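Predicted model only: the values in this text are computed from it and were never measured. In the text below, chain A, chain B and the rest are named by the order of the sequence lines, each starting its count at 1.
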There are 2 protein chains.
Amino acid sequence: MRADTTERVTDKFLRGRGRQRLSEDELTLLDQTVDRVRDLPSRHTLVRAGDRVRTSTLLLDGFMCRYMDDHSGYRQLVAIHVPGDFVDLHAFPMERLDHDVATLSPARIASWTHDTLEEIVETRPHLTRMLWFSTLLDASVHREWIFRMGRLDAEGRIAHFMCELKVRLDMVGMVENDRFLLPLKQADVAEACGLTGVHVNRVLRSLRERELMIFRAGQVTIVNWKQLSALGQFNPAYLRGGL
Amino acid sequence: MRADTTERVTDKFLRGRGRQRLSEDELTLLDQTVDRVRDLPSRHTLVRAGDRVRTSTLLLDGFMCRYMDDHSGYRQLVAIHVPGDFVDLHAFPMERLDHDVATLSPARIASWTHDTLEEIVETRPHLTRMLWFSTLLDASVHREWIFRMGRLDAEGRIAHFMCELKVRLDMVGMVENDRFLLPLKQADVAEACGLTGVHVNRVLRSLRERELMIFRAGQVTIVNWKQLSALGQFNPAYLRGGL
DNA sequence: CGCCCGCTTGAACAGTGTCAAGTGCTGTGG
DNA sequence: CCACAGCACTTGACACTGTTCAAGCGGGCG
């Protein structure tokens, strides 16, 4: 499909989030030290909670998520990832993860061994700091999710979730005319927002009927950004890392 | 009360969470480069969202929190901090924060200038990695909070919250006989758990009557750890960073 | 063609929020 | 020493949001 086999794997990394602070040299280093690039099928688990992890993964194409299971086997998504995101860079300092990492759609990923990252930390303070920064952006998003779950009702949560995805996808050039592909089931949205699938269905209908947004057939159309972002109390500052 | 004016400021840092990986040398360096140690009154705001931050703070004594406000002025706590926690180390790579940082009780803090941290990053790769690690532990806690809000009911959330505090305070020697001081109002617990103060009150009563735990007069007594941790689906692994 | 999965809808119900009133400390001033 | 104010906590009645359970729909794919 894409004719970009020569595209650098770091092409989307930190786009719109301080990428300009990465030197050409640093990007090249990352590109040249990639261990592996590969494709994963949809709904494939890449890392399981508790596993010892020896590589870290950058998402090049597709959607991934991180989640935790409760006692009854229900999932709670704790993060969703779009192209350009390091999905488990935190595994480098942590060694083990407290959650699973999986694809939501077919995905293309690049990975670096932790030995390579070790060497970067030893020799490249500025690049190290940018990698650190990128894991902290994830933490900002986590905090916003806590806010979303703690203070917003079902409509607000879904509105906020969609607003976040719109801005994040926009940063990597994946939104056109307020429209973007989102290969998620309603049940996935429910798992991300702490709701049941049934209720997500009802809220989506309401948002559609009130002409705020449409989510259908794996595609989102933002119809009324102003009202939607107000409903979700959405302020995109947290996605940019305050730079 | 405490006769430890000669105590190192880093005394509690990362205790129970990989502290043994910090060398004596590294701890000494941190101790010697402290910029300021000072006391803050209760309910004092240290950093406001959006402020440019030039120092980072380690909590020595007392309780602090980080929170975000919603449109109607209601708060959502996104983190709570106990002695030994760096409360805003993430401000070093981020420069600005997306949330406020405040004390919940009188507190004693130590701070380092970002210039000092910059120098550490330039010259001390291993220490840098440990500082990075410590910010990732915060992120683990964030994820657990997302899970708490998304998948647990009111009882589960409060049980989980109290279990987390018990383990974290235990790591820094602040629990005796399943009992610890917690200078929070019921309204604070509500803000941490995404509930109303009224409902927190009811749940606390129920937990007390069922002899799972007692929270009264700023003190928590865990009566039945097994049942309480089961109710909160609590597994402390995320607090130790998988080491 | 028929099955399966994801989406849709309805009805009854449970959990949590809201509103309002009341209790019991603790600290303060007369 | 008592009266009172203020604050956190407590309780009850009621409304509402979201869940649960159950049934039906529709389109893609073997």
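- When the C1' atom of C:dT18 is taken as reference, atom NE2 of B:H199 falls 13 Å away, rounded to whole Å.
- The backbone N or O of A:C193 sits less than 3.5 Å from a side-chain atom of A:R157, completing a donor-acceptor pair.
- One can place CG of B:L195 at 14 Å from P of C:dG15, the figure rounded to the nearest angstrom.
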Measure all distances between protein nitrogen or oxygen atoms and nitrogen or oxygen atoms of nucleotides 22-28 of chain D, and list the pairs falling under 3.5 Å.
none

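- For A:L152 and D:dG18, the CG to C1' distance is 15 Å, given to the nearest whole Å.
- For the atom pair A:L195 CG and A:I158 CD1, the distance stands at 5.5 Å (nearest 0.5 Å).
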Please write out each protein N/O paired with an N/O of nucleotides 3-7 of chain C under 3.5 Å, distance rounded to 0.1 Å.
{"from": "C:dG6", "atom 1": "OP1", "to": "A:K185", "atom 2": "NZ", "distance (Å)": "3.1"}
{"from": "C:dC7", "atom 1": "OP1", "to": "A:Q186", "atom 2": "N", "distance (Å)": "3.4"}
{"from": "C:dC7", "atom 1": "OP2", "to": "A:Q186", "atom 2": "N", "distance (Å)": "3.2"}

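- In this structure, A:D70 places its CG atom 15 Å from C1' of D:dT19, rounding to the nearest Å.
- Remark: B:R205 is in phosphate contact with D:dT11, judged by side-chain N or O atoms under 4.0 Å from OP1 or OP2.
- For B:L77 against B:A192, the heavy-atom pair with the smallest separation is CB-CA, 3.8 Å.
- With sequence neighbours excluded, no residue forms a salt bridge (charged side-chain N to carboxylate O under 4.0 Å, His left out) with B:R54.
- Pairs engaging residues 39-49 of chain B under the side chain to side chain donor-acceptor pair (under 3.5 Å) rule: B:D39-B:R108, B:R43-B:D188, B:R48-B:D100 [sequence neighbours left out].
- For A:H81, there are no ring-ring contact (aromatic ring centres under 6.0 Å, His included) partners, not counting sequence neighbours.
- In this structure, the CG atom of A:D153 is 15 Å from the C1' atom of D:dT19, given to the nearest Å.
- Contact check, A:T196 against D:dT19: a side-chain N or O comes under 4.0 Å of OP1 or OP2.
- Checked against ring-ring contact (aromatic ring centres under 6.0 Å, His included), A:F13 has the following partners two or more places apart in sequence or in another chain: A:F86.
- Across the protein-nucleic acid pair, A:R202 atom CZ and D:dT20 atom P stand 12 Å apart, rounded to whole Å.
- Between the CG atom of B:D188 and the C1' atom of D:dC9 there is a distance of 13 Å, rounded to whole Å.
- The interatomic distance linking B:Y74 (OH) with C:dT16 (C1') rounds to 14 Å, in whole Å.
- Shortest non-hydrogen contact noted between A:S229 and A:C163 is CA-SG, 3.6 Å.
- Ring geometry, A:F161 versus A:W145: the interplanar angle exceeds 60°, so the pair is classed perpendicular (tilted spans 30 to 60°).
- Across all strands shown, B:G218 has no heavy atoms under 4.0 Å from either base or sugar-phosphate atoms.
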